[in-house]
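Please read the structure below before turning to the comments.
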Amino acid sequence: MPEVETIKLQIKEEIKGKKIESVKVILDKPLKNTTTEEFKQRVEGTFVKDVKRRAKILIIELSTGDSLLIHLKLTGRLLYLKPEEPIEKHTHLVFNLSDGKQLRFWDLRQFGYVKIVSGKPEEAPELRELGPEALELGLDEFRRLLAGKRSGKIKPLLMNQNFIAGIGNIYSDEMLFYAGIQPTRDVTTLTDGEIVKLHEGIKKILSAAVRYKGSSVDDYVDLYGEQGDFVMYHKVYRRTGKPCEKCGTPIKRIKLAGRSAHFCPKCQV
DNA sequence: GTCGATGTTATCAA
DNA sequence: TTTGATAACATCGA
């Protein structure tokens with residue numbers, strides 16, 4: 001989410017109010033929702049009314065009442081470039097803007113999408129079931145949400161977008177380290193003190209990560225191709241075998257719900 | 001060459 | 001209802 005939020009702020013700054021003159025579709029796979037023809041027909045000639053984010057999905061509201069929903073998944077990029085810049089491999093869509101520049105959708109693994117929805121975007125199926133935004137989550141609401149669970153491990157639950165929206169693999173590891181809770185911990189065993197600390201961790205980790213423009217662990221770059229700086233502050237994510245900054249114990253990595261989870265076996269109970 | 005890993009999530013089986 | 005595996009895909013490093 002901090003990566004998407006970074007791009008949202010930058011895109012809003014650059015393209016709000018501008019016209020999308022034309023669209024070039026190099027690969028139509030990201031257009032899960034429409035044919036190339038329909039996509040071009042509905043997007044070309046529209047103005048960008050506003051740019052928003054919900055969970056990890058970018059919302060570009062168009063002057064026609066339609067919205068673009070853009071999900072970058074693991075390796076998607078949005079880049080703002082001059083037309084004379086060479087088209088890099090893995091560039092799938094090019095939006096030509098009225099300022100003479102281009103917004104390009106690049107995606108190495110091709111998991112990302114650009115869909116069009118009409119009407120209120122929050123009522124689109126992609127957004128309808130999402131939980132509360134992580135950065136807007138109140139402590140009491142967090143307590144209530146947790147109290148509603150009968151079982152389950154804390155890390156996969158934190159990453160469940162229908163439970164809370166916006167927490168991914170990196171940040172779930174970091175906030176659990178902050179709170180001193182093991183990723184495998186059953187949610188029903190959390191003390192109120194731990195819940196308070198975890199809630200604090202959600203806010204602190206995510207807002208710091210947004211401040212540092214996200215984590216460039218592999219392919220992620222922002223709208224201008226710049227890396228995010230938050231990796232410097234990772235305490236556990238991808239630090240397997242390195243000493244815990246608090247106690248020196250080597251950081252452990254396990255597999256959990258198909259994802260890797262990193263933690264300090266001594267600091268996290 | 002092979003295997004496992006990679007920031008996500010929809011889908012299907014158990 | 002919940003959870004766990006798998007798939008979608010390209011690339012990199014061991």
Side-chain angles (χ1 to χ4, degrees), chain A residues 1-8 26-33 53-58 69-79 88-93 105-115 124-131 134 145-146 148-176 183-188 205-206 209-210 212-223 225-234 236-241 251-262:
Chain A
M1 179 279 270
E3 292 76 20
V4 183
E5 178 67 12
T6 300
I7 293 174
K8 180 206 82 180
I26 298 165
L27 180 74
D28 67 3
K29 181 127 60 118
L31 310 180
K32 308 274 185 217
N33 213 358
R53 176 190 60 77
R54 177 81 170 101
K56 304 169 190 170
I57 300 174
L58 270 162
L69 300 186
I70 304 181
H71 202 313
L72 300 173
K73 297 282 181 90
L74 280 85
T75 56
R77 290 176 177 173
L78 282 169
L79 299 164
E88 301 267 338
K89 191 176 175 185
H90 308 301
T91 302
H92 307 318
L93 305 170
F105 177 83
W106 179 104
D107 189 9
L108 192 151
R109 290 176 73 184
Q110 305 179 9
F111 293 169
Y113 63 73
V114 179
K115 297 186 190 179
E126 289 78 5
L127 304 182
R128 208 179 339 170
E129 314 255 301
L130 292 169
L145 284 173
L146 285 171
K149 300 308 279 188
R150 319 217 57 251
S151 71
K153 296 178 166 69
I154 185 64
K155 176 176 160 91
L157 185 64
L158 285 175
M159 294 202 296
N160 180 343
Q161 303 300 299
N162 295 335
F163 181 68
I164 299 170
I167 302 175
N169 202 33
I170 296 177
Y171 301 107
S172 59
D173 277 1
E174 294 299 322
M175 53 189 63
L176 286 167
T184 50
R185 205 44 198 287
D186 190 291
V187 293
T188 56
I205 296 290
L206 289 180
V210 171
Y212 287 99
K213 302 190 164 106
S215 303
S216 289
V217 133
D218 219 343
D219 288 304
Y220 166 73
V221 291
D222 70 8
L223 190 63
E226 305 279 330
Q227 304 213 325
D229 295 326
F230 194 67
V231 240
M232 296 163 47
Y233 303 95
H234 289 180
V236 288
Y237 185 77
R238 289 219 191 165
R239 293 196 66 251
T240 313
I251 298 300
K252 238 177 119 173
R253 183 173 72 122
I254 57 167
K255 200 92 172 164
L256 196 56
R259 310 298 299 279
S260 58
H262 310 74

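Just so we're on the same page: letters track the sequence lines, and every chain starts at 1.
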Checklist entry - Expressed in angstrom and rounded to an integer, what is the separation of Phe111(A) atom CZ from dT6(B) atom P? => result 13 Å
Next on the checklist: Could you check whether Ser172(A) and Lys155(A), counting side-chain N and O atoms only, form a donor-acceptor pair closer than 3.5 Å?
Outcome noted: yes
Checklist entry - If the C1' atom of dT3(C) is compared with that of dT6(B), how far apart are they to the nearest Å? => result 23 Å
Next on the checklist: Using a heavy-atom cut-off of 4.0 Å across all strands, would you classify Gln161(A) as base, sugar-phosphate, or nothing?
Outcome noted: sugar-phosphate
Checklist outcome for this item: Ile70(A) CD1 to dT8(B) C1', in whole Å, measures 16 Å
Checklist outcome for this item: When rounded to whole Å, the CD to C1' distance for the pair Gln110(A) and dT6(B) reads 16 Å
Checklist entry - What nucleic acid atoms does Thr75(A) come within less than 4.0 Å of, heavy atoms only: base, sugar-phosphate, or nothing? => result nothing
Next on the checklist: Say we look at dC3(B) and dT6(C): how far apart would their P atoms be, to the nearest angstrom?
Outcome noted: 15 Å
Checklist entry - Which residue lies toward the 5' end of DNA chain C, Lys73(A) or Gly152(A), if each is placed at its nearest nucleotide? => result Gly152(A)
Item to check | Matching residue for Leu93(A) among Leu27(A), Leu31(A), Ile26(A), Leu78(A) - test: side-chain contact (heavy atoms from CB on, under 4.5 Å) | outcome: Leu31(A)
Checklist entry - At under 4.0 Å between heavy atoms, what does Lys32(A) touch on the DNA or RNA strands: base, sugar-phosphate, or nothing? => result nothing
Checklist outcome for this item: Contacts of Leu74(A) and Lys89(A) projected onto DNA chain C by closest heavy atom; the upstream (5') one is Leu74(A)
Checklist entry - Think Ser260(A) has a side-chain N or O under 4.0 angstrom from the OP1 or OP2 of dT6(B)? => result yes
Checklist entry - When all nucleic acid strands are considered with a 4.0 Å heavy-atom cut-off, which category describes Arg150(A): base, sugar-phosphate, or nothing? => result nothing
Next on the checklist: Quick check for you: name the first and last nucleotides of DNA chain C, 5' to 3', having an atom under 4.0 Å from a heavy atom of chain A.
Outcome noted: dT3(C) to dT11(C)
Next on the checklist: Taking 4.0 Å as the cut-off, does a side-chain nitrogen or oxygen of His71(A) come that near to OP1 or OP2 on dT8(B)?
Outcome noted: no
